[in-house]
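Working notes, structure below.
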Amino acid sequence: MAEPFRVLLVEDDRDTQINIGDILELDGIQLTTVSTCREAESFADWENISVAILDRKLPDGSSDHLLTKIRQQAPHVDIVVITAYADLDSSINALRQGATDYLIKPVDPDQLRLRLSQIREHRLIEAKLRKENYFVEQLLHVAEAIVLVLDLDGTILRANAYLAAITEWPIEKIEGKNWFDHFLQKTDRQWLQDVFQKSLAKTKTRGIINRIVTRSGGTRDIRWSNSVLTDPQGHATAVLAIGLDVTDLLAAQRRALQNERLAAIGQTMTALAHESRNALQRIQASVEMLRLDLRYQPEANAELTRIESAADDLQTLLEEIRTYAAPVTLDLQETALDVVWRDSWEEVRQALQGKHNQLTEKLNGVCCRLPLDPARMRQVFRNLFQNAIEACADSVVVEIAARGAKIDGRPALEICIRDNGPGLNDEQRSGIFEAFYTTKSGGTGLGMAIAKRIIEVHQGTIEAANAASGGAEFKILLPTQRPSRSADESSG
């Protein structure tokens, strides 16, 4: 049986009341009429009203104020504003306040009947959808989006399998928990509770992005659209939240933005490096000439040595920035990665200046041959080894372990590099791969950022952590099959 369809007309003009009554009678629609804002505000039977038709100009006020009042008292009611003096601003304002439509006097009977018919049809569709519980249950299980139903206190009433997969919690451990206390970061809870309260106040919220916390302590970025669920009388009973995992999308956007910045830096550095190289060569030539003139003055020669050292540092700095800004290109070759890291270790250990050093390997019979750019990978290992050397006060012990792994279902090689240093604090773990991040008194902070770019262009990953035995640990995953992207693609 179809639900009753009743209309409340708020109109002071008697002729218009009669005209609209005649129009609605054609479709069997029940009409109740009041003449003033005061009567409408004191109306007590909103639960049985489907549509309110408001005259914009009433003896004791306008529809602007009344529309807001009705929205507060009866959010389920569709509102149609009618006026003899139409203008664009008032139309837009009415729609912003929640009006369903805006009609011009004298009211066109066919247009009014059509609009009410559409509203009625829409309501019938909504009622039918509410009854299709089986379909909704199936949708909850297969949708690749978070479907979450919260009660008025934020307790999880229902959740789908996708949320369980994202958070790594079984569904039976999710339902019944408070969403804010268990799945949100502490710093986000208050403002997200404010968003939740807006939803309860019948304000539809969408486009909110926040991070949720997984069982393992990780985070995912979710974009939400929240709506209030009501009973047939229009009373709020719960909030339905639909969430899309945009973690990868946001990361891609950040990489794209970084690429734009790097392109600008690269263009600047190309010109700067060229001009600086000429200037540094002139400095070096001048120093050599002065050294001949001052060869019998030790103090002056010491100053010249410091000038040379400063010029070398500047040349190194310019080269690092140029390397970071330039696109990473690969010359892929079938290469033994263990040979690459041994060569890199030999290069770096020469600068140990008497420190005891040891490189140990645990290859466990794993084949370390894979397609890679040996020169680029030597750069990666040099940075890792250099960091280990600088972190260790006395003796330096670096351990490399390798084993088979997977990247997105593809065969991969996992390499773990551990040192015996003090390990990484929280700030270092989160910032070590960021450009220009450094805790050293010198250097650019680009070494590990460059290493990460090289690994990513190989379609691999690199992560920083602390080893269980102490010291820093870097885990690298590299595909053992040739990457599908073009060799000159930059990872950003």
Side-chain angles (χ1 to χ4, degrees), residues 262 264-326 328 340-359 374-398 417 419-422 428 431-451 453-454 472:
L262 290 176
I265 293 174
Q267 292 175 354
T268 302
M269 288 308 303
T270 299
L272 181 60
H274 176 74
E275 294 300 325
S276 298
R277 189 179 299 112
N278 292 336
L280 290 169
Q281 288 174 348
R282 292 196 300 273
I283 291 173
Q284 183 62 40
S286 298
V287 167
E288 291 174 358
M289 294 296 295
L290 283 171
R291 196 178 295 281
L292 292 173
D293 295 337
L294 303 173
R295 56 184 177 275
Y296 301 118
Q297 301 182 37
E299 292 183 0
N301 270 276
E303 292 297 329
L304 291 176
T305 299
R306 281 192 281 272
I307 292 173
E308 284 182 319
S309 177
D312 290 342
D313 290 344
L314 180 57
Q315 179 63 44
T316 300
L317 172 63
L318 291 169
E319 184 61 25
E320 278 196 352
I321 296 176
R322 188 197 66 78
T323 300
Y324 181 71
V328 176
V340 171
W341 73 58
R342 288 172 197 146
D343 290 345
S344 300
W345 175 254
E346 288 303 318
E347 290 179 34
V348 172
R349 67 190 294 269
Q350 296 175 9
L352 289 179
Q353 298 179 348
K355 279 186 180 180
H356 170 74
N357 64 87
Q358 181 181 357
L359 176 67
R376 292 291 190 179
M377 289 306 301
R378 277 195 293 271
Q379 190 176 2
V380 171
F381 283 106
R382 281 198 301 269
N383 278 306
L384 291 169
F385 293 151
Q386 188 63 46
N387 281 349
I389 289 168
E390 293 175 355
C392 299
D394 299 315
S395 62
V396 182
V397 179
V398 175
I417 303 98
D419 63 41
N420 62 324
Q428 290 169 329
I432 194 166
F433 296 115
E434 294 180 6
F436 309 109
Y437 174 84
T438 181
T439 58
K440 305 171 188 175
S441 57
T444 60
L446 290 173
M448 293 308 297
I450 293 171
R453 292 184 68 212
I454 292 171

Shortest non-hydrogen contact from [X] toward [Y]:
{"X": "Val340", "Y": "Pro374", "answer": "CG1-O, 4.0 Å"}
{"X": "Ala300", "Y": "Leu294", "answer": "CB-CD1, 3.8 Å"}
{"X": "Pro422", "Y": "Ala391", "answer": "CD-O, 3.3 Å"}
{"X": "Gly447", "Y": "Asn383", "answer": "O-ND2, 3.3 Å"}

Please round to the nearest 0.5 Å and tell me the distance separating atom [atom1] of [X] and atom [atom2] of [Y].
{"X": "Asn301", "Y": "Asp293", "atom1": "CG", "atom2": "CG", "value": "10.5 Å"}
{"X": "Gln297", "Y": "Glu303", "atom1": "CD", "atom2": "CD", "value": "12.0 Å"}
{"X": "Ile450", "Y": "Gln379", "atom1": "CD1", "atom2": "CD", "value": "5.5 Å"}

Let's go through Trp345 and Asn357 carefully: what are the C-alpha distance in whole Å and the side-chain angles of both, what is the deciding distance for side-chain contact (heavy atoms from CB on, under 4.5 Å) to 0.1 Å, and is it a yes or a no? CA-CA 10 Å; Trp345 175 254; Asn357 64 87; 3.8 Å; yes
Non-neighbouring partners of Ser395 that pass side-chain contact (heavy atoms from CB on, under 4.5 Å), sequence neighbours left out: His356, Asn420
4.5 Å side-chain heavy-atom contact, Phe385 and Ile417: yes
With Arg378, which residues qualify under side-chain hydrogen bond (donor to acceptor under 3.5 Å, both in side chains), at least two apart? none
Just to verify, what does Asp343 make a side-chain hydrogen bond (donor to acceptor under 3.5 Å, both in side chains) with, not counting sequence neighbours? none
Out of Val348, Asp419, Val398, Leu384, which one pairs with Ile389 under the side chain to side chain contact (heavy atoms under 4.5 Å, CB included) rule? Val348
Which pairs would a plain distance check flag for residues 279-286, meaning a side-chain donor or acceptor within less than 3.5 Å of a matching protein atom at least two apart in sequence or in another chain?
{"from": "Gln284", "atom 1": "NE2", "to": "Glu288", "atom 2": "OE2", "distance (Å)": "3.3"}
{"from": "Gln284", "atom 1": "NE2", "to": "Glu308", "atom 2": "OE2", "distance (Å)": "3.0"}
{"from": "Ser286", "atom 1": "OG", "to": "Arg282", "atom 2": "O", "distance (Å)": "2.9"}

